[in-house]
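Below is one structure, written out as structure tokens; comments come after it.
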Amino acid sequence: MPFFWTTIEAGGQLYGNRQFNNDVNCANMQWFSYPGYSELLSGFVDSRINSNDKVDNRNSSVLEFINQQPGFENRVAAFSTWDVFPYILREKKSDILVNAGVEPMEGSLSESEKMLNELQELIPNPVTNRNDAFTFYFAFEYLKREKPRALFISFDETDAYAHSGKYDEYLKAANKTDKLIAKLWDWIRHDENYKDQTTLIITTDHGRGRGNKDGKMSWRSHGFPSLGSGQTWLAAIGPDTPALGEVREKMQLYQKQVAATMAASVGLIYENRKEVGSVISNILPTQVAQSTTTTTDASLNKQ
């Protein structure tokens, strides 16, 4: 993952190296996707979420919260390879655009989007709902055309190839994801609407197993009690994020802190029906200081 270990390591922050007791974990004890994404995006653990079934989330997300704020209406979107996201983000109730699975883009489309609609029908993925490249380029075209204030992109091929035991394809998928994120960041840095005012946060919904005593739960698996699969990682880069590189100090972060950190990156103080995880102060130290007083109008132009 050369983008992570060059650009982010030099100009951003990386968390989760347990050799330095720098820990990032799921706070939920399920250690699989729906509970992980719900924690990540709502900012708290809901123990009632214990399956990947396609049922609407009981909890609103930080994306829904952002979309409800003045100046952010209809400027929030999500794109996902996994087709459960319309339910995780309760698309119908939240009124957020969610494009997931093999769902085509609709509306007034660019020629590139029309081509993507055709190609995803003709080029299926053997292990997951669609190729991550389609998810990325649907999101990328939308980003260039609609200029959203908050955009969520979720890939799936690494997880799917791991479950299939295809370690070579797992590594290729990780490398490809790194290239797509690099392309996104390069465009952000040069676009007049986003450069110098956009924070990129990258993380995952769960870890992978490292093997139990009986040897049955390996890197191919996750979910309790697959040891290690509650361990995650996090990276961030942006104009308000000090260039700390790989953080090697002892620290404990949880994925439930990502939601408030996302909101803080656009100048908002996130609240939900339950107490949410705190903003990660290293990533946005200025916003953390401001959050003790009020949301600042000056920060509302940030993406």
Side-chain angles (χ1 to χ4, degrees), residues 33-34 37-38 40-42 52-160 173 176-177 179-181 183-185 187-188 191-194 198 200-202 205 259 262 266 303:
S33 292
Y34 198 141
Y37 281 121
S38 182
L40 183 78
L41 293 166
S42 69
N52 284 334
D53 293 346
K54 292 180 178 179
V55 294
D56 276 350
N57 200 336
R58 299 179 177 90
N59 310 302
S60 62
S61 72
V62 65
L63 297 177
E64 187 173 340
F65 170 84
I66 293 172
N67 192 56
Q68 293 169 346
Q69 307 310 307
F72 291 85
E73 304 97 327
N74 301 315
R75 299 190 65 189
V76 178
F79 292 80
S80 170
T81 299
W82 194 35
D83 62 3
V84 182
F85 263 93
Y87 303 90
I88 297 173
L89 293 172
R90 51 186 200 177
E91 179 180 17
K92 294 180 181 179
K93 185 173 183 178
S94 67
D95 201 30
I96 296 170
L97 170 67
V98 183
N99 177 274
V102 293
E103 182 181 4
M105 281 295 290
E106 298 177 346
S108 179
L109 304 180
S110 68
E111 290 304 310
S112 294
E113 287 170 307
K114 294 176 184 177
M115 178 69 74
L116 288 169
N117 278 342
E118 293 181 15
L119 288 176
Q120 79 165 349
E121 287 188 22
L122 297 172
I123 310 174
N125 187 291
V127 294
T128 188
N129 295 120
R130 69 178 172 197
N131 295 293
D132 283 340
F134 290 129
T135 297
F136 174 80
Y137 281 102
F138 275 126
F140 195 41
E141 287 299 307
Y142 182 87
L143 175 68
K144 291 186 287 185
R145 185 184 70 245
E146 299 295 334
K147 301 294 190 295
R149 304 277 303 266
L151 179 65
F152 177 82
I153 305 174
S154 176
F155 301 119
D156 190 58
E157 285 187 34
T158 49
D159 183 67
K176 181 171 65 176
T177 298
K179 290 178 181 177
L180 294 175
I181 296 171
K183 182 179 182 69
L184 175 64
W185 182 244
W187 183 85
I188 286 171
D191 182 80
E192 62 180 11
N193 293 286
Y194 290 96
T198 301
L200 187 63
I201 299 173
I202 311 158
D205 52 328
M262 289 171 61
V266 292
Q303 311 299 326

**Study point:** Heavy-atom pair with the smallest gap, counting every atom of Ser33 and Asp205
**Key:** OG-OD2, 2.8 Å
Check your understanding: Given side chains that start at C-beta, do those of Thr177 and Glu157 come closer than 4.5 Å, heavy atoms only?
Key -> no
Check your understanding: Would you say Leu97 and Tyr142 make side-chain contact, with heavy atoms under 4.5 Å?
Key -> yes
Exercise for review: Quick one: pull up CD in Glu103 and CG in Asn117 and give me the separation to the nearest 0.5 Å.
Suggested key: 9.5 Å
Study note, to complete from the structure: In short, Glu91 meets Val98 closest at the heavy-atom pair OE2-O, 3.1 Å
Review point. Taking the side chain as C-beta and beyond, is there a heavy-atom pair between Phe72 and Asn67 under 4.5 Å?
Key: no
Point to revise | Under 3.5 Å donor-acceptor, Tyr87 side chain and Tyr34 backbone | key: no
Review point. Can you find a pair of side-chain heavy atoms, one from Asp191 and one from Thr198, that are under 4.5 Å apart?
Key: no
Review point. Which is it for Lys92 and Asp56 under the side-chain contact (heavy atoms from CB on, under 4.5 Å) test, yes or no, and what are the steps along the way?
Key: CA-CA 9 Å; Lys92 294 180 181 179; Asp56 276 350; 5.6 Å; no
Practice item. Check step by step if side-chain contact (heavy atoms from CB on, under 4.5 Å) holds for Asn74 and Asp95. Key: CA-CA 8 Å; Asn74 301 315; Asp95 201 30; 3.9 Å; yes
**Study point:** Contact summary for Gln120 and Gly101, nearest pair of heavy atoms
**Key:** OE1-O, 3.9 Å
Review point. What is the distance from atom CD of Glu64 to atom CG of Asn59, rounded to the nearest 0.5 Å?
Key: 10.0 Å
**Study point:** Any side-chain heavy-atom pair of Lys179 and Phe136 under 4.5 Å
**Key:** no
Review point. Can you find a pair of side-chain heavy atoms, one from Pro148 and one from Leu143, that are under 4.5 Å apart?
Key: yes
Exercise for review: To the nearest 0.5 angstrom, please state how far the CD atom of Glu106 sits from the CG atom of Asn99.
Suggested key: 9.0 Å
**Study point:** Side chains of Phe152 and Leu41 in contact at under 4.5 Å (non-hydrogen atoms)
**Key:** yes
Practice item. Please round to the nearest 0.5 Å and tell me the distance separating atom OH of Tyr194 and atom CG of Leu184. Key: 10.0 Å
**Study point:** Validation row: Ile181, Leu200 side chains within 4.5 angstrom (heavy atoms)
**Key:** yes
Check your understanding: Should we say atom CD of Glu121 is surrounded by more than 12 heavy atoms from elsewhere, each under 6.0 Å from it?
Key -> no
Review point. Checking side-chain contact (heavy atoms from CB on, under 4.5 Å) for the pair Phe79/Leu151: CA distance, chi angles, key distance, verdict?
Key: CA-CA 8 Å; Phe79 292 80; Leu151 179 65; 3.8 Å; yes
Review point. Do the rings of Phe85 and Tyr37 sit parallel, tilted or perpendicular, given the 30° and 60° boundaries?
Key: perpendicular
Point to revise | Ser154 side, atom OG; Ile88 side, atom CD1 - distance, nearest 0.5 Å | key: 7.5 Å
Check your understanding: Ion pair present between Asp83 and Lys54, side-chain N to carboxylate O less than 4.0 angstrom?
Key -> yes
Point to revise | By salt bridge (charged side-chain N to carboxylate O under 4.0 Å, His left out) - contacts of Asp159 (at least two apart) | key: Arg208
Review point. For Thr81, which of Asn129, Asp156, Asp132 qualifies under side chain to side chain donor-acceptor pair (under 3.5 Å)?
Key: Asp132
Practice item. List the atom of Phe138, the atom of Glu113, and the distance in Å for their closest heavy-atom pair. Key: CE2-O, 4.0 Å
**Study point:** Audit row: Ser60, Lys93, side-chain contact (heavy atoms from CB on, under 4.5 Å) steps and yes/no
**Key:** CA-CA 9 Å; Ser60 62; Lys93 185 173 183 178; over 6 Å; no
Exercise for review: Give me the ring orientation class for Phe140 and Trp187: parallel if the planes are under 30° apart, tilted from 30 to 60°, perpendicular past 60°.
Suggested key: perpendicular
Review point. Taking all non-hydrogen atoms of both residues, which atom of Leu89 and which atom of Ser61 are closest, and how far apart?
Key: CD2-OG, 3.7 Å
Study note, to complete from the structure: When rounded to the nearest 0.5 Å, the distance separating OG of Ser112 from CE of Met105 is 12.0 Å
Exercise for review: Using a cut-off of 6.0 Å, state whether more than 12 heavy atoms not belonging to Lys144 lie near its atom NZ.
Suggested key: yes
Exercise for review: Would you sort out whether Ser38 and Asn57 count as a side chain to side chain donor-acceptor pair (under 3.5 Å), showing the intermediate values?
Suggested key: CA-CA 8 Å; Ser38 182; Asn57 200 336; 3.3 Å; yes
Point to revise | Heavy-atom closest pair, residues Ser80 and Arg130 | key: O-NH2, 3.2 Å
